[in-house]
Trainee: 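Okay, handing you the structure first.
In what follows, chains carry the letters A, B, and so on, assigned in the order in which the sequence lines appear, proteins first and then strands, with residues in each chain numbered from 1.
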There are 2 protein chains.
Amino acid sequence: MHTPEPIGGARPTSRDVARAAGVSQATVSLVLGDKWRGRVSERTAEAVRETARSLGYRPNLAARNLRLGRTRTALLVVPALTNEFFAHVHTGAAAAAAAHGFGVVLYPSPDGLGPARDPFASAQAALDGVIASSMATDALEAFRGSDLPLVMLDSDPADAGAAAHVNLDVADGMRRVTDHLLGLGHRGFLHLASAAPSWTFDVRAATLAHALRGTDVRTVRSPLNVVAAGEAAERALAAAGPRPTAVICDDDILAVGVCKAARRLGLRVPEDLSVTGFDDMALATVVEPELTTVRLPAEEFGRRGMEALLAVLAGERPPSLTLPVTLVPRGSSGPAPAS
Amino acid sequence: MHTPEPIGGARPTSRDVARAAGVSQATVSLVLGDKWRGRVSERTAEAVRETARSLGYRPNLAARNLRLGRTRTALLVVPALTNEFFAHVHTGAAAAAAAHGFGVVLYPSPDGLGPARDPFASAQAALDGVIASSMATDALEAFRGSDLPLVMLDSDPADAGAAAHVNLDVADGMRRVTDHLLGLGHRGFLHLASAAPSWTFDVRAATLAHALRGTDVRTVRSPLNVVAAGEAAERALAAAGPRPTAVICDDDILAVGVCKAARRLGLRVPEDLSVTGFDDMALATVVEPELTTVRLPAEEFGRRGMEALLAVLAGERPPSLTLPVTLVPRGSSGPAPAS
DNA sequence: CCACCGAGGTTTTACGTATAACGTCCGACG
DNA sequence: CGTCGGACGTTATACGTAAAACCTCGGTGG
């Protein structure tokens, strides 16, 4: 029977390697840390490397972190992992981190877009910095007390609590959506907004309100899930008064709910009702017809966020960025029906 | 202008707290570690707590980890975060971990279901153990060299490299699918299989082959994404010979691709073609009609995996588990068309 | 002939924590 | 009256690493 090594199975330390190679611990550290040029002979260095390999030596990260006072690890806080968008953000952040020898610990704030209870208690890993993405305004409070450098993604650039900001130009995105729909002749709108009190959604609402001033706009809020969004949309579309001809959604998930509601109400998309989403996730091309939506550069977003954090850690003062977005017109939006 | 504390801004240590409270560092450690009963007076203890609070003391995790020789942190390796299934697995694992004061570091194997290059170099965090979920068979090799306790999810239970196994009863799931479709009168099948060389998919294929012996079965492999799956299915369905009346997919993502292909070919689902998925992710209820699929207890899966790891770390020898799955019949499967 | 230097190391120290081992004072008991 | 044992702490040490400071020895320039 295979016994998987006694649990605390003493791993070899740099001192073990030193003893086995007949040198001092300091020499081992120098060689393996690649700082031996001119201080240790090529012969000795190779011997040390060989010994380390044969013993299966792996440096103790805890000890190294303690000694160096940093961990080369960043925490990425996201509202919810089930939202594909944040998976892409993570990919970008992790790639940028890896390029600089950093690691990323992912921490999904447990209450969806709600407040993060104690990210640091949960993330046992010692951290060098934090990237908080698209957090609810109240959730951000949890980070005020920390003395860690903080980069905020998708939050109010005026907020002084962060060392740097990286944003998506959601205002421009929303403007492109309204321009698109106004150009198609729509004058009656339903704005299906996210119920989460987040800066990024506030911007969308304000932009939309401004761009559609003078037209007929109703707003309904819904949590970010298909079923709830469908119910909210169904109620709003079945309500009395003139029916909107276009539904603008804060997120693809909401838009999918609207499409399902439209089908239940016997409304054809886009002939009777145009629907637009936001994010351009895989979801957008799954529904029939495919969603007109705003594409966000999710991966670049994560990458820029990590680069900003790395800059802060290097003592620089990184500029605050706003990344451009694009409108992707697809089948879910069409000319307004003749009234 | 708000200067966010000098980057390396010396945080207070337990010794600083001790000095400020007029006690020794050991006393601080005892009090804050909640091991002071009978060794320190209530008055002193409260004074220490108060001082720590006012100084904003936070223990240095690196030092604690070094001292204790463990980190209370586990690594969860998943093939791809964009697959919603693994987000749920993480949720379950994180919950179980938190209940025992553990943290979870998420590591998405960068190459999808391909080999994980060096999980330990990337996860800078020191680790107590590893949970590897649904890894490709070759990717598992990356973990052989490690001396960390390893729990495998969704992999061959006969594999002796792991300290424990937790599995989903995918064989039973696939049998339920075939029973369901055979009961509906289907005799011509297409199996749209995942191209990833993973144990869990091998089991599905073998089970399907056995359950459908004697009927007409073709197999096509596709990567796990909607577009590729759609193309593969379209080719297979348009090919010469008798057309299958049911397509059995290894994953909901593949099934969605099939639905889109069916629409392009002018085939109605389920009247002309039945389609089944696997996993029961959000995707399954987004397409029209909604997918008949196999529901996997993803969150419990993650929870059980973490519990198994915790048991191993506690020196126990946890039993290998297989969790039950259920068939969720929906609109995408119906009676076989009369030929 | 001696001071100096560079090559090739070693000795030592510090990081911050947890805890085992060790004091000290005082009341009580034999 | 001695000493015993809580109550309440303190002192000392170890975890494994990185790196500053130091040592030794043979060659070399002045």
Side-chain angles (χ1 to χ4, degrees), chain A residues 8-49 51-52 55-72 101 120 124-128 147, chain B residues 8-49 51-52 55-73 101 124-128 147:
Chain A
R11 301 203 319 198
T13 72
S14 62
R15 217 170 319 255
D16 295 331
V17 175
R19 240 189 308 271
V23 299
S24 74
Q25 180 268 332
T27 302
V28 173
S29 183
L30 286 173
V31 170
L32 299 182
D34 223 38
K35 297 204 158 53
W36 58 278
R37 268 151 255 282
R39 329 240 304 109
V40 177
S41 71
E42 178 63 56
R43 263 171 51 88
T44 309
E46 184 47 36
V48 167
R49 275 190 293 259
T51 312
L55 288 181
Y57 169 72
R58 282 181 170 287
N60 179 318
L61 275 309
R64 170 179 293 173
N65 290 343
L66 175 59
R67 177 72 236 261
L68 295 178
R70 60 189 177 155
T71 59
R72 297 190 150 260
F120 307 103
Q124 300 283 336
L127 303 168
D128 282 351
D147 49 355
Chain B
R11 300 205 317 200
T13 72
S14 62
R15 217 170 319 254
D16 295 331
V17 175
R19 240 189 308 270
V23 298
S24 74
Q25 180 267 332
T27 302
V28 173
S29 184
L30 287 174
V31 170
L32 299 182
D34 223 38
K35 296 205 160 56
W36 57 280
R37 268 151 256 280
R39 330 241 300 112
V40 177
S41 71
E42 177 64 56
R43 265 170 50 85
T44 310
E46 184 47 35
V48 167
R49 276 190 292 259
T51 312
L55 288 181
Y57 170 72
R58 282 180 172 286
N60 180 318
L61 275 309
R64 171 178 295 173
N65 290 344
L66 174 58
R67 177 72 235 264
L68 295 178
R70 66 196 167 148
T71 59
R72 298 192 150 262
T73 299
Q124 301 282 336
L127 302 169
D128 281 352
D147 48 357

Trainee: Please state how far atom CH2 in B/Trp36 lies from atom P in D/dC8, giving the value in whole angstrom units.
Mentor: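 The distance from CH2 of B/Trp36 to P of D/dC8 comes to 10 Å, rounded to the nearest Å.
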Trainee: Would you name the heavy atoms of B/Val17 and B/Leu55 that are closest together and state the gap between them?
Mentor: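 That would be CA-CD1, 3.9 Å.
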Trainee: Hey, what bend do you get for the helix from C/dC1-D/dG30 to C/dG30-D/dC1 if you fit axes on five pairs at each end, rounded to 10°?
Mentor: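 Computed from the C1' atoms at both ends, the axes differ by 70°.
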Trainee: Which residues pass the side-chain hydrogen bond (donor to acceptor under 3.5 Å, both in side chains) test with A/Thr44, sequence neighbours left out?
Mentor: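 Listed in chain order: A/Ser41.
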Trainee: Check side-chain hydrogen bond (donor to acceptor under 3.5 Å, both in side chains) between B/Arg37 and all other residues, then give those that pass, not counting sequence neighbours.
Mentor: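 Here the qualifying residues are B/Asp34.
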Trainee: Check A/Asn60 against B/Leu66 and note the closest heavy-atom contact, atom names and distance.
Mentor: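 Nearest heavy atoms, A/Asn60 then B/Leu66: ND2-CD1, 4.3 Å.
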Trainee: List every contact pair, protein side and nucleotides 14-20 of chain D side both N or O, where the distance is under 3.5 Å.
Mentor:
from   : atom 1 : to      : atom 2 : distance (Å)
D/dT17 : OP1    : A/Tyr57 : OH     : 2.4
D/dT17 : OP1    : A/Asn60 : N      : 3.2
D/dT17 : OP2    : A/Ser14 : N      : 2.5
D/dT17 : OP2    : A/Ser14 : OG     : 2.7
D/dA18 : OP1    : A/Arg64 : NE     : 2.8
D/dA18 : OP1    : A/Arg64 : NH2    : 3.2
D/dA18 : OP2    : A/Ser29 : OG     : 3.0
D/dA18 : N7     : A/Gln25 : NE2    : 3.3
D/dA18 : N6     : A/Gln25 : OE1    : 3.1
D/dA18 : N3     : A/Arg67 : NH1    : 2.0

Trainee: Show me the protein contacts with nucleotides 24-26 of chain D, counting only N or O atoms at under 3.5 Å.
Mentor:
none

Trainee: Looking only at heavy atoms, what is the nearest atom pair of B/Thr51 and B/Ala21, with distance?
Mentor: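 It is OG1-CB, 3.5 Å.
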Trainee: Within the 4.0 Å heavy-atom criterion, would you say B/Thr27 contacts the bases, only the backbone, or no part of the nucleic acid?
Mentor: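 The residue B/Thr27 makes base contact.
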Trainee: Which nucleotide of DNA chain C is the first, and which the last, in the 5' to 3' direction, to come under 4.0 Å of a heavy atom belonging to chain A?
Mentor: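 Endpoints of the contacted stretch of DNA chain C: C/dG8 to C/dG16.
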Trainee: Return the CG to CD distance between B/Asp16 and B/Gln25, rounded to the nearest 0.5 Å.
Mentor: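 Answer for the CG-CD pair, B/Asp16 versus B/Gln25, is 10.5 Å.
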Trainee: Show the nearest heavy-atom pair for residues B/Arg11 and B/Pro59, with the distance to one decimal.
Mentor: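 So the minimum-distance heavy-atom pair works out to NH2-O, 3.9 Å.
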Trainee: If you look at every heavy atom in A/Arg72 and A/Asp128, which pair is closest and at what distance?
Mentor: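 Of all heavy-atom pairs spanning A/Arg72 and A/Asp128, the closest is N-OD2, 2.7 Å.
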Trainee: At 4.0 Å (heavy atoms only), tell me whether A/Ser41 reaches a base, stays on the sugar-phosphate, or touches nothing.
Mentor: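 Sugar-phosphate: the residue A/Ser41, judged by heavy atoms under 4.0 Å, touches backbone atoms but no base.
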Trainee: Which heavy atom in A/Val31 sits nearest to a heavy atom in A/Ala45, and how many Å separate them?
Mentor: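 Residues A/Val31 and A/Ala45, closest heavy atoms: CG1-O, 3.7 Å.
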Trainee: Looking at CZ of B/Arg19 and OG of B/Ser14, how far apart are the two atoms once the value is rounded to the nearest 0.5 Å?
Mentor: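 One finds 10.0 Å between CZ of B/Arg19 and OG of B/Ser14.
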Trainee: Taking the side chain from A/Asn65 and the backbone from A/Ala62, do they hold a donor-acceptor pair closer than 3.5 Å?
Mentor: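 No, the answer is negative, given that no donor and acceptor are paired below the 3.5 Å cut-off.
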Trainee: With side chains defined as the heavy atoms from C-beta onward, is the minimum distance between B/Tyr57 and B/Arg49 less than 4.5 Å?
Mentor: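 In short, these two side chains do not touch, never coming nearer than 4.5 Å.
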